[in-house]
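Every chain is numbered from 1 and lettered A, B, ... according to where its sequence line falls, protein lines coming before strand lines.
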Amino acid sequence: MAIPFSWQLINLLAALLLLIAFAMLAQRRVTALIGLYAGQGLVLAASTAAMARISGLPHLYVSAALTLALKVFALPWLLHRVIRRLEIRWEVEPLINIPATMLVGIGLVIFAFNLAEPISQMASPITRSTLGIATASVLLAFLMMITRRKAVTQVIAFLAMENGLFFAATSATRGMPLVVELGIALDVLVGALIFGIFFFHIRETFDSLDIHHMEKLKEH
Amino acid sequence: MEIFLLLGLPLAGGLALAVTGARHRAAEINVAFSFATLIAAALVTARVLREGPFTTWRELFFVDPFNAFLVALTAFVGFTTSLFSRPYMRIEAHHGRVNPARLRLYHAMFQVFMFTMLLALTTNNMGILWVAMEAATLATVLLVSLYRTPESLEAAWKYFILCGVGIAQALFGTILLYFAAGELHGAEGTSALQWTHLNEIKATLQPTVLSIAFVFLLVGYGTKVGLAPLHNWLPDAHAEGPTPVSAVLSGLLLNVALYAVVRCKVLVQGATHSDFASHLLMGFGLLSAVVAAFLLWRQRDIKRLFAYSSIEHMGIITFAFGMGGPVANFAALLHMTVHSLTKSAIFFTVGHAAQKAGTQIMAEIRGLLTISPSIGWGLMIGTLAILGLPPFGVFASEFLVLTTAMREQPWATPILLLALGVAFAAIFGRVQHMVFGETNLQRLPQSPSLWPVFTHLALVLILGVAIPGALAQWYRLAAALIG
């Protein structure tokens, strides 16, 4: 049976999403990370639009447009502005070296596919592989969050995690109801703004954006 | 209409306070809006008592006895906290710890925080529930770092990241829930996330998907409840933020997060026809109670001490909801109420005690009774109440939890008793040293508002001695709904 073009497109985009998640894991320069994040947003917007075409649900076009505006333009612009104002260019050595992180990442992908297996069995043929990929990109973002020291990288990891979740929502369930998606988008935007404010407070107080300065509150 | 008032008032209050700023009436405006919200909550409650569960606004909102009592409790504690915060924040400003800009942020965010909690409680949509819980984190994160000390920034960062990651898991769980109802069951659009609709079809939902979804939902919302091992953010956020924020975090936010967990549990239990969800809740509950009880011994900071006590109590309530059945659910609902009232009362007294001592380190707070008998007695009585001594309400609910556990889950009883005993010894000794003996404390520039403390404690006493018949009936209805 020939697989329709749009299904192939969604699978291609899903693979791209996973590839970008790995690239982010390997990337040490902050500006390049933001570029990758914007790229992930673009892939996400494209896959949402493709899904909207297949399913014929008009509200998916809205959420594709929203993704494009928020994740490709607004948030990367905001992050660029913050790092320019704070003059951060390079990420220091991550806690675990990059090749080791990549190996752990591969393990996570296998784990994610196994986890998604029972659910994928029930899904329609389009969503069978995408749910595993979505879970994998969430886990990879999580890995990035715990292996990086800088506040900015942690935030990008946090946003990438949200991308993975959003992909799970559009690919497995053809998007959440519009009111929920608007709410999630609002939360992400406000969250990113608060992160931005936070960077300045942290910088002001610690004179650095390195998280390991913040280890005073240990159990006594 | 009542719902519109209930949600509109705090939102309008937040906007008004953000616009008017920190003129000297800001605290009074905060109190006025909180009081109006309390009246709206009373109207909602009255309607539920009159008509039973109802949905409004194209089924976007849903109120039944279970969430109506939490709405009433949230609005009430929100109001008394706003009363307490008026003199408290004035003293903080006098001590130079906050400036007008931060006071403005504080007042506006307090109202927005109330709005997000009430939205989480009344919404019928599991997706909106998630959005509201995340918004509650966002509203409080800048309050935790209000003092801009290195410790408070660290606490807020930890709170933000941990709860953010946690709540992301809950979103994944919600997506799976939507998948089970929408893709597999054919429910259309918004109705596939509506709790009332899901509750009707729960027996036909796919059990495997719902089990996986519940694990994610429990981990996600459980992070906000402060269940071990995801409790790390909680003591820091409680200790470093302003005391009114600690009081509402401990007394209200934890309840709201637990409410979300229980709503999910009802659906999952209906779908899986097994004890899977119950066992998870019991396990996490017991683990949290025991871990928190032992960590209590290592605390030197008074607000951290009571934050760990909150984790312990949340563990007990989670365990009770896990056991299920009319008696255990009744006990859990009662314990939610009395814990919330008692713990916020304790934080009110602790806040003023720390202001008098100029520190939160317990070893440096001595002889509260000599300098200020009302704060000293308030703290002492509150502590006795939270430790579960009769005749207070906490005793009644803990007694019910223990006797039900003996009958239904005998293996858990010694573990529960161990946690309660260890917590008792850890807290009582420390509070005794702070209340009695020679004093080293100073008078405050402004007299504190203490009637919220004694109102809360009086209510806890009434709930312990004799629960009013109507209220007991209400709890029974709510307990039956949870199943």
Side-chain angles (χ1 to χ4, degrees), chain A residues 57 59 115-116 118-119 121-124 127 131 134-135 138 141-142 145-146 151 154-155 157-158 161-162 164-166 168-170 172-188 190-191 193-195 197-198 201-202 204-206 211 213-220, chain B residues 60 125-128 130-135 137-139 141-142 145 148-158 160-161 164-165 167-169 171-172 174-176 178-184 189-194 206 208-209 211-213 232 235-236 239-240 295 298-301 304:
Chain A
L57 292 171
H59 83 257
L115 187 75
I119 305 171
Q121 292 296 326
M122 298 161 214
S124 59
T127 54
L131 200 62
T135 319
V138 171
F142 188 61
M145 187 177 247
I146 54 183
Q154 285 199 337
V155 170
F158 182 79
M161 188 185 286
E162 201 273 333
L165 287 168
F166 185 85
T170 46
T173 67
R174 300 157 206 242
M176 308 280 267
L178 189 60
V179 56
V180 178
E181 276 189 0
L182 286 175
I184 294 174
L186 183 72
D187 273 348
V188 170
V190 174
L193 284 173
I194 293 182
F195 269 130
I197 300 172
F198 234 75
H201 292 172
I202 293 177
E204 223 171 80
T205 316
F206 296 97
I211 298 294
H213 288 291
M214 298 204 281
E215 281 176 1
K216 273 198 162 169
L217 294 173
K218 284 269 167 71
E219 298 303 338
H220 299 295
Chain B
L60 213 54
N125 187 312
M126 300 303 283
I128 303 284
W130 184 87
V131 171
M133 290 299 300
E134 170 74 358
T137 311
L138 298 176
V141 70
L142 288 179
S145 67
R148 306 276 162 83
T149 57
E151 289 83 8
S152 72
L153 276 173
E154 182 188 337
W157 184 258
K158 216 180 201 176
F160 203 178
I161 292 288
V165 171
I167 209 103
Q169 313 298 315
L171 180 59
F172 194 61
T174 310
I175 293 168
L176 288 178
Y178 184 62
F179 175 73
E183 290 288 296
L184 299 181
T190 356
S191 78
L193 269 179
Q194 259 159 8
Q206 221 290 326
T208 321
V209 180
S211 301
I212 300 176
N232 268 331
D236 297 344
E240 303 305 331
L295 283 172
R298 298 164 71 184
Q299 302 313 316
R300 297 186 303 135
D301 180 309
R304 288 181 77 90

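Between G127(B) and V180(A), the closest heavy-atom pair is CA-CG1, 3.7 Å. Nearest heavy-atom pair across T208(B) and P118(A) is CG2-CB, 4.3 Å. Shortest non-hydrogen contact noted between H201(A) and L153(B) is O-CD1, 3.4 Å.
Residue with the most contacts toward chain A among I175(B), L176(B), D301(B): I175(B) (heavy-atom pairs, distance under 4.5 Å). Contacts with chain A were tallied for I161(B), T174(B), L60(B); I161(B) has the most, counting heavy-atom pairs under 4.5 Å. Looking only at heavy-atom pairs under 4.5 Å with chain A, the residue among W130(B), F172(B), F160(B) that has the most is F160(B).
In this structure, chain A has heavy atoms under 4.5 Å from both the backbone and the side chain of A156(B). Heavy atoms closer than 4.5 Å to chain B are found in the side chain of F142(A), but not in its backbone. Neither the backbone nor the side chain of T137(B) comes within contact range of chain A; no heavy atom of the residue lies under 4.5 Å from a heavy atom of that chain.
In this structure, the side chain to side chain contact (heavy atoms under 4.5 Å, CB included) partners of V138(A), at least two apart in sequence or on a different chain, are M161(A), L165(A). With sequence neighbours excluded, the residues satisfying side chain to side chain contact (heavy atoms under 4.5 Å, CB included) with Q194(B) are E59(B), N124(B), S191(B), T196(B), H197(B).
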Item to check | Steps toward side chain to side chain contact (heavy atoms under 4.5 Å, CB included) verdict (I194(A), L142(B)) | outcome: CA-CA 8 Å; I194(A) 293 182; L142(B) 288 179; 4.1 Å; yes

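Residues F198(A) and V141(B) are in side-chain contact: their nearest non-hydrogen atoms beyond the backbone lie under 4.5 Å apart. Using a 4.5 Å heavy-atom threshold, the side chains of L138(B) and D187(A) count as touching.
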